[in-house]
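What follows is a short report on a single structure.
As a basis for the values below, the full set of heavy atoms in this structure was taken, side chains included, without hydrogen atoms, waters or symmetry mates. Residue numbers start from 1 in every chain, and the chains themselves are labelled A, B, ... in the order their sequence lines are given, proteins ahead of strands.
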Amino acid sequence: MIKWLEYRNSNSKDIVKRSEGESVRILGWVSSKRVHKDKIFLSIRDRYGYLQIVATPEESSDNIFNLAKTIPVESAIAAEGIVKHDPRAPNGVELRLKDLIVISKADIWPVTKSALKSPELMYDKRHLTIRGPRSRAILLIRSGVIKAAMEYFEKNDYVLINAPTFITSAVEGGATLFKLKYFDDYAYLTQSSQFYEEAAICVFEKVYVIQPSFRAEKSRTRRHLTEFWHIEAEAAFADHDDIMKVEEELVSYMLNYLNEHYSGEIKTVKKSGIKIYEPPFPRISYDEALEILHSKGVEMEWGEDFGADEERVLSMQFDTPFFVYGYPASTRSFYHMNDPDRPEVTLSSDLMAPDGYGEITSGGQRIHDYNELYNKIISFGLDPSQYEWYLEIRKYGMPPHAGFGLGVERFMRWILELPHIRDATLFPRTPSRVYP
RNA sequence: GCCGGGGUAGCUCAGAAGGUAGAGCGCCGGGCUGUUAACCCGGUGGUCGCCGGUUCGAGUCCGGCCCCCGGCGCCA
């Protein structure tokens, strides 16, 4: 057995710094191939990117030249060659092939030029199509999104916690939970870690989670997944204004982080790059939003929630992300705290992306008083016994607190202007897809 | 759940008026100036989503069903 990691002494990134004529060994996959009579171009992909290998009859033996000619794309290979700096090569540098070893030969690659136009095929073969340059770039950026969020929270003394996936009661209230067998009983998949965060803030003050949430909504749109990654945070002693500041700082921090560390990948996905927004973001009240809509001829009564059309009209008024706050209590879940100065509205807000990309975050101040929460559960027609532990936290020193949730894939779809939210995930889950 | 669009070669699609199907890409063979999802020539390739009906004859007309895509509702 050959120790491949010891065989390798360079890669697609390192080779740029190597001097002309040096002999190096690399590992990777043949991402594409162009065969001429006396010249073969192989594009090799490794962890760091792409590298061109050129084979000619003069520099390679007949066996190696023929191997390069016939090797199927996406075969895993080891190659040795001479470094040549050449402006005609994609990165200004290439490898003149001396030796080629097929570590694992590939079958005929099923992803053809026209297959790229077939979303269904692309996602049926997602285990293969993720190797494409665009998917590769998006998924690298995704790892940057998670890293940026963690870095922001760690710098601000938040504690990372992990919440359960199996739960027994709904955060939002009902029909959108996935139900599954749990031994002799039933359990559900979580749709938010918020309640668990609220328990945890009484020991850590500030907590965050980054994990999947599940929604059993048959939403046939380009901004819904049944399984999405949720960045959620909760802070004790914080009020609604405090948490909006956290949200805009986080979003801005992530944008700057990505711009700094992932500019190459971003360019692959979106030539113009991402836009950077600095806090504070504009804030408009629900009432002001309603006025704007009325002035644009949208018919809507106070107390109704905004639909997709309304959100679109609103977002046209801004070229930055913006908050809409002060939603009527009837439009928000039971745990939202009502404004003491104006009980018909809640201390809550949504952060909307510009250009019609929709809600990016949703948050607000939670009810910390036991009786207030109990009465609101009743008034929403819900059963307090379903929320026993959640209520009980309020009996043991629950301070005012606030929190929010951000959808990772929605955030990515917005900043990268992806045509569909599934493009932001490795293996998307939608109402019609749980495979592969 | 509601509304709209669509299922024809491995893939993307064309096929108004019923007469057992075409192109491009892929694949195979050959050619080829440093190619970037290379290009050129030739070849290969289809129970026209499924079931039933009308008809001498159905991809094309009628009925039922299944699946996919998008929008809405709901939300991140």
Side-chain angles (χ1 to χ4, degrees), chain A residues 31-44 50-56 70 72-73 84 86-91 94 96 107-125 129 132-134 170-177 190-194 210-232 247 251 304-312 327 331-333 350-353 356-363 404-414 419-422 424-425 430-433:
Chain A
S31 71
S32 63
K33 186 173 72 167
R34 265 100 33 206
V35 179
H36 296 238
K37 189 184 183 187
D38 290 323
K39 210 157 272 175
I40 299 161
F41 297 93
L42 299 178
S43 181
I44 306 299
Y50 295 86
L51 167 67
Q52 175 159 289
I53 290 183
V54 183
T56 62
T70 55
V73 294
K84 184 154 192 296
D86 189 318
R88 293 173 297 184
N91 299 324
E94 65 190 19
R96 313 297 294 218
D107 279 357
I108 292 167
W109 189 241
V111 186
T112 64
K113 221 188 273 188
S114 49
L116 297 171
K117 284 192 266 179
S118 168
E120 197 183 347
L121 185 85
M122 290 299 280
Y123 281 93
D124 281 344
K125 299 286 183 193
T129 56
R134 184 177 160 87
V171 173
E172 304 293 344
T176 63
L177 290 163
T190 182
Q191 53 187 188
S192 165
S193 302
Q194 181 197 321
I210 301 178
Q211 58 187 58
S213 285
F214 304 86
R215 304 276 164 94
E217 297 156 349
K218 286 193 176 173
S219 306
R220 304 201 47 85
T221 79
R222 291 174 293 177
R223 57 180 194 285
H224 285 87
L225 294 166
T226 50
E227 176 177 1
F228 68 96
W229 275 66
H230 218 165
I231 296 176
E232 294 175 277
E247 291 177 53
V251 166
E304 291 180 77
D305 204 354
F306 303 126
D309 289 342
E310 288 77 26
E311 281 184 11
R312 208 164 293 128
Y327 283 90
T331 67
R332 305 297 263 195
S333 296
D350 288 343
L351 180 63
M352 319 284 265
Y357 279 89
E359 288 176 42
I360 298 302
T361 76
S362 185
F404 70 94
L406 177 149
V408 170
E409 294 85 1
R410 279 209 182 160
F411 175 79
M412 290 182 61
R413 178 164 120 86
W414 161 49
H420 198 295
I421 191 168
R422 67 184 165 211
T425 69
T430 66
S432 61
R433 180 173 296 284

Generate the contact string for nucleotides 34-42 of chain B. Rules: B means base contact, S means sugar-phosphate contact only, - means no protein heavy atom under 4.0 Å. BBBBBS---
Nearest heavy-atom pair of A:V111 and A:M122: which atoms, and what distance? CG1-SD, 3.9 Å
With sequence neighbours excluded, what pairs up with A:F411 under the ring-ring contact (aromatic ring centres under 6.0 Å, His included) test? A:W414
Complementary nucleotide for B:G24 - Watson-Crick or wobble, under 3.5 Å: B:C11
Assert: residue with more 5' nearest nucleotide on RNA chain B, out of A:E359 and A:W109, is A:W109
In whole Å, what separates the C1' atom of B:C66 from that of B:G52? 15 Å
When both distances are under 3.5 Å in a Watson-Crick or G-U wobble arrangement, the nucleotide paired with B:C50 is B:G64
For A:R312, all residues meeting salt bridge (charged side-chain N to carboxylate O under 4.0 Å, His left out), sequence neighbours excluded: A:D309
In whole Å, what separates the C1' atom of B:A21 from that of B:G64? 27 Å
Salt bridge (charged side-chain N to carboxylate O under 4.0 Å, His left out) partners for A:K218, two or more places apart: none
Between B:C40 and B:G24, how far apart are the C1' atoms? Round to whole Å, please. 15 Å
Distance between the P atoms of B:G4 and B:C65, in whole angstroms? 16 Å
Partners meeting salt bridge (charged side-chain N to carboxylate O under 4.0 Å, His left out) with A:R433 (sequence neighbours left out): A:D124
For nucleotides 5-9 of chain B, give me every protein contact, N/O to N/O, under 3.5 Å, one pair per line with atom names.
none

Go ahead and name the base partner of B:C74; Watson-Crick or wobble counts if both distances stay under 3.5 Å, otherwise write none. none
Figure out the CD/P separation between A:Q191 and B:C74, and round it to whole Å. 15 Å
Under 4.0 Å between any heavy atoms, over every strand shown, what does A:T361 touch: base, sugar-phosphate, or nothing? Just pick one. sugar-phosphate
From A:E247 atom CD to A:T361 atom OG1, the distance as rounded to the nearest 0.5 Å: 3.5 Å
May I ask you to say what A:S219 touches in the nucleic acid, namely base, sugar-phosphate or nothing, with a heavy-atom cut-off under 4.0 Å? base
Backbone N or O of A:P431 within a donor-acceptor pair of the A:R220 side chain at under 3.5 Å? no
What does B:C39 pair with, Watson-Crick or G-U, if both distances are under 3.5 Å? B:G31
Need one value for A:L225: base, sugar-phosphate or nothing, where a base atom within 4.0 Å counts as base even if backbone is also close, heavy atoms only. base
Taking CD1 from A:I108 and C1' from B:G45, how many angstroms apart are they, rounded to a whole number? 14 Å
Can you check the distance between B:C3 and B:C62, where both ends of the measurement are the C1' atom (answer in whole Å)? 24 Å
Round to a whole Å and report the spacing from CG of A:L121 to P of B:G26. 15 Å
Under the side-chain contact (heavy atoms from CB on, under 4.5 Å) test, residues paired with A:K113 that sit two or more places apart: none
Could I get the full list of side-chain contact (heavy atoms from CB on, under 4.5 Å) partners for A:P87, not counting sequence neighbours? none
For A:E227, all residues meeting side-chain contact (heavy atoms from CB on, under 4.5 Å), sequence neighbours excluded: A:P212, A:F214, A:R429
Starting at CG of A:D350 and ending at P of B:C74, how long is that distance when rounded to a whole Å? 12 Å
Whole-angstrom distance between B:G6 and B:U12, as gauged at atom C1': 14 Å
Taking only residues two or more places apart in sequence, or in another chain, which ones meet A:S31 in a side-chain hydrogen bond (donor to acceptor under 3.5 Å, both in side chains)? A:S43
Distance between C1' atoms of B:C67 and B:C50 (Å, rounded): 10 Å
Partner set under side-chain contact (heavy atoms from CB on, under 4.5 Å) for A:E311, not counting sequence neighbours: A:F306, A:M352, A:E359
Roughly how many Å apart are B:C2 and B:A37, using the P atom of each and rounding to a whole number? 45 Å
Please encode protein proximity along nucleotides 66-71 of chain B as a string of B, S and -, counting only heavy-atom distances under 4.0 Å. --SBBB
To the nearest 0.5 Å, tell me how far A:I40 CD1 sits from A:R34 CZ. 11.5 Å
Using a 4.0 Å heavy-atom cut-off across all strands, classify A:G307 as base, sugar-phosphate, or nothing. sugar-phosphate
